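First up is the structure itself, then whatever we jot down about it.
Everything quoted here is computed from the prediction, not taken from an experiment.
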Amino acid sequence: MLATAEFTRRMRAGKPRGGFRLDDWQISEPYETQVRGLRGTERLLVVDFVPRVEARARGHFKLSVAVDPGTGGADMLR
């Protein structure tokens with residue numbers, strides 16, 4: 001739920017994103033992995049947002065959000 005909230009907030013912030021709709025994306029099961037950030041490497045839960053066929057045709061690509069299970073902090077991965 002935290003990953004979806006962060007993804008939605010980021011995709012709706014700033015400039016228009018080509019008719020973005022949350023329904024354009026499939027959400028993966030969370031998986032734990034090592035993520036390298038400004039504070040070093042941490043084990044975080046990652047959720048991938050993968051475009052459905054219609055969204056892929058408009059040029060969308062996979063986006064990932066990392067969630068710290070301890071603090072609940074979420075951030076989009078680059």
If I take atom [atom1] from residue [X] and atom [atom2] from residue [Y], how far apart are they, to the nearest 0.5 angstrom?
X: Glu6; Y: Asp75; atom1: CD; atom2: CG; value: 6.0 Å
X: Met76; Y: Phe49; atom1: CE; atom2: CZ; value: 7.5 Å
X: Leu63; Y: Asp48; atom1: CG; atom2: CG; value: 9.0 Å

Residue pair Val65 / Leu77, side-chain heavy-atom distance below 4.5 Å: no

Evaluate the side-chain proximity of Val47 to Phe7: yes if any heavy-atom separation is below 4.5 Å, no if none is. no

Please identify each residue that fulfils salt bridge (charged side-chain N to carboxylate O under 4.0 Å, His left out) with Glu29, with sequence neighbours left out. none

Suppose we screen for side-chain contact (heavy atoms from CB on, under 4.5 Å). Which residues come up paired with Thr33, at least two apart in sequence or across chains? Tyr31, Val35, Val46

